[in-house]
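Residue indices begin at 1 and follow the sequence shown.
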Amino acid sequence: VYLIESKKALILSISLIISILSISNLQAQENVDSLEAVLPKTVGADRMETAYVLFRGYLDQDQKKALSYAQMAYQEAVALKDTLRIIRAGNARGYVNLQLGKFSEALADFEYILPLTLKVPKDNQELARKYLQQRKFILNNLSLTHMRSADYGKSLDAQLESLKLREQEK
């Protein structure tokens, strides 16, 4: 009897978790849909940030759409001449290319934006922290790209540089 009750409780728990996840996914899709409706009305930094949020929203479900939004965010960031946004959007574009198996495109993105992370404003510590954080993300993504391209030496170099940065923060 106890075993039967335990199985019923387990099935009920699993059903509840699936229901919660379904509701959560439905709400997330509604958010993405509403952002897509707003996107054509946005300009400048708002357009860049909306496209970036859409990139993140599609990353797990439709990588080609995620790539198009990452590209849009990148183009907006370049038009704004906003280095930090260029870095974030370039990293996003590179990451989707990595996930799609487009290693040469991913490497090109990461290698182009990595030096931009060194152009840290000296007078703003919060902004400098954001640049450093992006540098670590890019180094990790660069390492993954080199690893998946079977260039293990370059992968290790990028990981070690990222590790040095993390140790310096302590």
Side-chain angles (χ1 to χ4, degrees), residues 10-80 82-114 116-117 129-152 154-156 158-159 161-163 165-166:
L10 179 63
I11 290 171
L12 183 61
S13 296
I14 291 172
S15 297
L16 181 62
I17 290 170
I18 290 172
S19 297
I20 291 170
L21 290 175
S22 296
I23 291 169
S24 175
N25 285 338
L26 183 60
Q27 289 173 338
Q29 187 57 47
E30 287 174 0
N31 289 341
V32 166
D33 290 343
S34 64
L35 284 174
E36 284 183 322
V38 169
L39 183 65
K41 301 170 192 160
T42 60
V43 294
D46 289 339
R47 184 172 181 80
M48 183 276 168
E49 293 297 337
T50 303
Y52 187 83
V53 170
L54 285 166
F55 140 75
R56 294 191 56 112
Y58 277 109
L59 189 57
D60 292 333
Q61 52 189 327
D62 186 344
Q63 292 177 338
K64 288 184 180 181
K65 228 173 185 177
L67 181 59
S68 72
Y69 285 120
Q71 178 62 26
M72 182 185 294
Y74 183 80
Q75 290 169 340
E76 288 296 324
V78 169
L80 290 167
D82 185 322
T83 305
L84 186 57
R85 284 189 168 112
I86 291 169
I87 292 166
R88 286 177 52 229
N91 190 31
R93 190 173 67 181
Y95 185 76
V96 180
N97 278 324
L98 169 62
Q99 296 305 310
L100 290 170
K102 298 178 178 180
F103 303 133
S104 61
E105 289 93 335
L107 284 172
D109 286 329
F110 298 139
E111 289 172 349
Y112 176 77
I113 60 173
L114 186 63
L116 298 178
T117 63
R129 186 190 62 74
K130 289 178 181 180
Y131 273 70
L132 179 62
Q133 181 183 38
Q134 288 300 314
R135 185 168 184 81
K136 291 182 292 187
F137 292 155
I138 295 162
L139 286 166
N140 289 340
N141 288 336
L142 192 56
S143 175
L144 281 172
T145 307
H146 283 304
M147 185 177 66
R148 291 186 184 164
S149 302
D151 194 342
Y152 303 115
K154 287 184 179 178
S155 176
L156 183 59
Q159 275 300 332
E161 186 176 342
S162 177
L163 181 61
L165 293 173
R166 292 172 197 285

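In plain terms, the two heavy atoms of Ala89 and Ala73 that are nearest each other are CB-C, 3.7 Å. When all heavy atoms are compared, the tightest approach of Leu98 to Asn141 is CD2-O, 4.1 Å. Between Met48 and Ala77, the shortest heavy-atom contact is CG-N, 4.0 Å. Listed here is the closest heavy atom pair of Tyr69 and Phe55: CB-N, 3.6 Å.
Looking at heavy atoms from C-beta onward, Val78 lies in side-chain contact with Tyr74 at the 4.5 angstrom threshold. Within the 4.5 Å cutoff, no side-chain heavy atoms of Thr117 are placed close to those of Lys136. For the pair Phe137/Gln134, a side-chain contact is recorded, criterion being any heavy-atom separation below 4.5 Å from C-beta on. For the pair Ser162/Arg166, a side-chain contact is recorded, criterion being any heavy-atom separation below 4.5 Å from C-beta on. Side chains of Leu142 and His146 form a contact here, defined as non-hydrogen atoms less than 4.5 Å apart. At a threshold of 4.5 Å between non-hydrogen side-chain atoms, the residues Tyr58 and Gln63 do not count as touching.
When atom types are taken as modelled, the side chain of Gln61 and the backbone of Gly57 share a donor-acceptor pair closer than 3.5 angstrom. Side chain of Ser149 to backbone of Thr145: a donor-acceptor contact under 3.5 angstrom is found. For Ser68 (side chain) and Lys65 (main-chain N/O), a donor-acceptor pair under 3.5 Å exists by modelled atom type.
Because its NZ or CZ atom is both nearer than 6.0 Å to the ring centre of Tyr52 and within 45° of the ring axis, Arg88 counts as a cation-pi partner of that residue.
One finds the CZ atom of Arg93 at 11.0 Å from the NZ atom of Lys102 (value rounded to the nearest 0.5 Å). A distance of 11.0 Å separates CD1 of Ile138 from OH of Tyr131, quoted to the nearest 0.5 Å. Between atom CZ of residue Phe110 and atom CD of residue Glu105 there is a gap of 11.5 Å, rounded to the nearest 0.5 Å. The distance from the CD1 atom of Ile113 to the OG1 atom of Thr83 is 11.5 Å, given to the nearest 0.5 Å. The structure places OG1 of Thr42 at 10.5 Å from CD of Glu49, a figure rounded to the nearest 0.5 Å. We find the CG-NZ distance between Asp151 and Lys154 to be 5.0 Å, quoted to the nearest 0.5 Å.
Residues Ser143 and Ser155 have side chains that bring a donor and an acceptor to within less than 3.5 angstrom of each other. Side-chain atoms of Asn91 and Asp109 form no donor-acceptor pair, as typed in the model, at a separation below 3.5 Å.
Asp82 meets the side chain to side chain donor-acceptor pair (under 3.5 Å) test with Arg85; sequence neighbours excluded.
Using a 4.0 Å cut-off between charged side-chain N and carboxylate O, Glu161 and Arg135 make a salt bridge.
For Arg148, the CZ atom counts as densely surrounded, since its 6.0 Å shell holds more than 12 non-hydrogen atoms of other residues, nucleotides or ligands.
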